[in-house]
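Heads up: the structure comes next, in structure tokens.
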Amino acid sequence: MSNERGLMENIISLSKRRGFIFQASEIYGGIGGFWDYGPLGVELKRNLKEAWWRDMVLVHDDTVTPHGAPSAYAMVGVDTSIIQNPQVWRVSGHSDLFQDQLVDCRTCKSRFRLDQISSSECPMKPSKHPGEHSTCQLTEPREFNLMFKTNVGALVDPSSTAFLRPETAQGIFVNFRNVLDTTRVKLPFGIAQTGKSFRNEITPRYYTYRSREFEQMEIEFFCHPHESQHWYTYWRDRRFSWYIDLGLTSTRLRLRDHTPEELSHYSLGTADIEYAFPFLPEGEFGELEGIAHRGDFDLRSHMQGKLVRTAQGLEVETDAEGKPRFPGSGRDLSYTDESNGERFIPHVVEPSAGVDRALLAFLCEAYQEDEIPDLEGIPQTRVVLKFHPRLAPIKAGVFPLVKRDGMPEIAMEIYRDLKRRWNVFYDERGSVGRRYRRQDESGTPFCITVDTQTLEDQTVTLRDRDTTHQERLAIHELHIFLDDHIHR
Ligand code: GAP
């Protein structure tokens with residue numbers, strides 16, 4: 001077993017043991033490509049999404065030009081439906097282009113993605129790639145649309161077919177006019193959204209990395225076409241720094257510009273933020289977020305109809321009668337600059353991140369095994385999750401050293417006081433060393449212990465998860481300390 005694979009197995013096992021991630025419907029044998037987040041996982045996920053929303057939307061100051069940005073800009077949010085009018089997906093191209101090439105094996109009845117044959121494993125033994133056993137019978141590749149279908153209303157017929165959204169982005173584009181008409185935003189501005197997306201992946205794999213149900217955090221940033229290249233560079237760098245600031249500081253994180261051959265038919269530039277997950281073959285990186293310069297493709301499509309690339313550029317795709325094959329809404333999605341009367345279709349820069357993939361990267365990066373001395377000074381291996389305090393599911397453990405002399409009462413008072421603001425955890429069971437270890441495995445950055453000295457001078461022992469360093473702090477200073485260290 002390679003070190004990296006062993007590392008991943010340890011992370012998965014800790015993640016289950018501590019209640020971060022469980023297989024969905026585990027008691028019934030699970031269901032491929034679906035995952036549940038447990039009590040610690042849900043807090044980690046909420047903190048991640050809240051950090052994104054806060055940093056990108058809530059505390060964004062639209063009167064100041066951020067470092068590296070061409071100008072000041074506005075940011076607002078939306079929360080749109082998972083199910084949209086099916087025309088949205090025809091016009092966006094998802095109905096006829098959002099597909100993978102699929103290959104079946106008639107012998108073992110397995111299904112593979114054509115582009116992953118060389119990295120897939122045939123279930124027959126000995127271990128080989130699909131098609132390499134003499135008995136393998138692979139079919140010709142066929143196209144498989146990744147959107148999940150459902151029916152709206154009581155009637156199950158083609159007219160009631162609808163789709164679970166494969167991305168949150170389209171809900172933003174179709175609300176562009178609504179946002180313009182109901183807020184005072186002016187170009188440039190961004191619309192942000194977080195929420196579930198669904199893709200019927202042929203081969204879900206690598207734990208939560210490629211799931212069939214996952215969450216996205218997407219921004220559609222609208223700007224003047226002349227400025228779009230600058231905004232693309234700004235968002236690319238801004239989003240990369242965001243991961244570093246939240247703790248992805250190792251060389252496992254990288255920013256990679258797409259080559260011209262990799263670009264989608266509408267994209268004028270794309271960069272991926274990638275992470276070298278321990279489950280990937282050595283040297284390979286997996287995408288956490290893509291930042292794409294999409295030009296006016298999306299707004300134009302939803303105005304005029306689905307676009308295709310021709311020698312003349314992007315044009316509305318037409319049927320045999322010369323009419324749009326998938327007509328747009330016909331609504332005016334252009335923008336008029338009030339200062340000079342100029343009317344144009346804004347360009348879009350899209351930073352599109354996956355919550356589950358980011359969470360997995362933060363989990364992998366945080367996981368460490370180090371050695372610390374026990375009470376007798378003998379070095380012991382400890383497993384610790386070194387999450388950034390903003391992301392940590394529990395911010396502090398609060399313990400009485402022993403269950404007597406009034407210590408539990410004081411500790412409980414501290415716990416109740418802090419609990420009004422933060423997710424803190426009270427624990428009086430087992431030795432204090434064991435309690436520290438439990439919190440280390442949960443990624444709790446601080447532990448607060450009420451001990452004999454507390455009874456004399458109203459101070460507590462404050463232990464730092466990463467250094468295991470202990471210091472004394474007055475009880476009345478705990479709020480300020482946590483404020484400074486969690487929200488930094
Ligand atoms: N609106 C653009 C868009 O959806 P994408 O690259 O297909 O672009 C954006 O998806 C992000 O969503 C990815 O970078 C990844 O983090 C996440 N994502 C996509 N498919 C996923 C899957 N099957 N499982 C988990 N996350 C996924």
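Counting starts at 1 for both ligands and their atoms, in listed order. Each residue takes its place number in the sequence, starting with 1.
Nearest protein heavy-atom contact of atom 14 (O) of ligand 1 is E287 OE2, 2.6 Å. Nearest protein heavy-atom contact of atom 8 (O) of ligand 1 is S352 OG, 3.7 Å. Scanning all protein heavy atoms for the shortest distance to atom 5 (P) of ligand 1 gives R199 NH2, 3.8 Å. Looking at atom 18 (N) of ligand 1, its nearest protein heavy atom turns out to be F214 CE1, 3.5 Å. The protein heavy-atom contact nearest to atom 24 (N) of ligand 1 is S211 N, 3.0 Å. If you check which protein heavy atom lies closest to atom 25 (C) of ligand 1, you get Y209 O, 3.1 Å.
Contacts with ligand 1 closer than 4.0 Å are made by backbone heavy atoms (N, CA, C, O) of L288 only, the side chain lying farther away. When heavy-atom distances to ligand 1 are checked against a 4.0 Å cut-off, A169 comes that close only through its side chain, counted from C-beta outward. Residue contacts with ligand 1 for R212 are absent, since no atom lies close enough (heavy atoms, distance under 4.0 Å). Contacts of R357 with ligand 1, taken as heavy-atom pairs under 4.0 Å, involve the side chain alone.
Which parts of ligand 1 touch E218 is read off a 4.0 Å heavy-atom cut-off, strictly below it: atoms 1 (N), 2 (C), 3 (C), 4 (O).
For the residue pair T203/Q116, the side-chain donor-acceptor check at 3.5 Å is satisfied.
For the side-chain hydrogen bond (donor to acceptor under 3.5 Å, both in side chains) criterion with D356, the lone passing option out of Y37, W35, Y209 is Y37. For the side-chain contact (heavy atoms from CB on, under 4.5 Å) with R390, the lone residue among E50, H485, R54 that qualifies is R54. Exactly one residue among K306, Q87, Q304 makes a side-chain contact (heavy atoms from CB on, under 4.5 Å) with P327. That residue is Q87.
Checked by distance only, ligand 1 and E350 come closer than 3.5 Å through their nitrogen or oxygen atoms. Residue R294 has no nitrogen or oxygen atom sitting less than 3.5 Å from a nitrogen or oxygen atom of ligand 1, judged on distance alone. Residue-to-ligand polar distances keep T208 apart from ligand 1: every N/O pair is separated by 3.5 Å or more. Considering backbone and side-chain N/O of G354, one or more are found under 3.5 Å from N/O of ligand 1. Checking only distances, E201 does come within under 3.5 Å of ligand 1, N or O to N or O.
Other residues, nucleotides and ligands contribute over 12 non-hydrogen atoms within 6.0 Å of the NZ atom of K49. Within a 6.0 Å sphere centred on CZ of R256, other residues, nucleotides and ligands contribute more than 12 heavy atoms.
Inter-residue side-chain proximity for F34 and P204 is flagged as unmet; no heavy-atom pair is nearer than 4.5 Å.
In this structure, R239 forms a cation-pi arrangement with W242, its terminal cationic atom sitting closer than 6.0 Å to the ring centre and no more than 45° off the ring axis. Cation-pi geometry between R212 and F148 is not met at under 6.0 angstrom from the ring centre and within 45 degrees of the axis.
Under the 30°/60° scheme for interplanar angles, the aromatic rings of F189 and F176 are found to lie parallel.
Around atom 10 (O) of ligand 1, the closest heavy atom drawn from Q216, E167, Q170 belongs to Q216.
Between F222 and H347, a ring centre-to-centre spacing not shorter than 6.0 Å is recorded.
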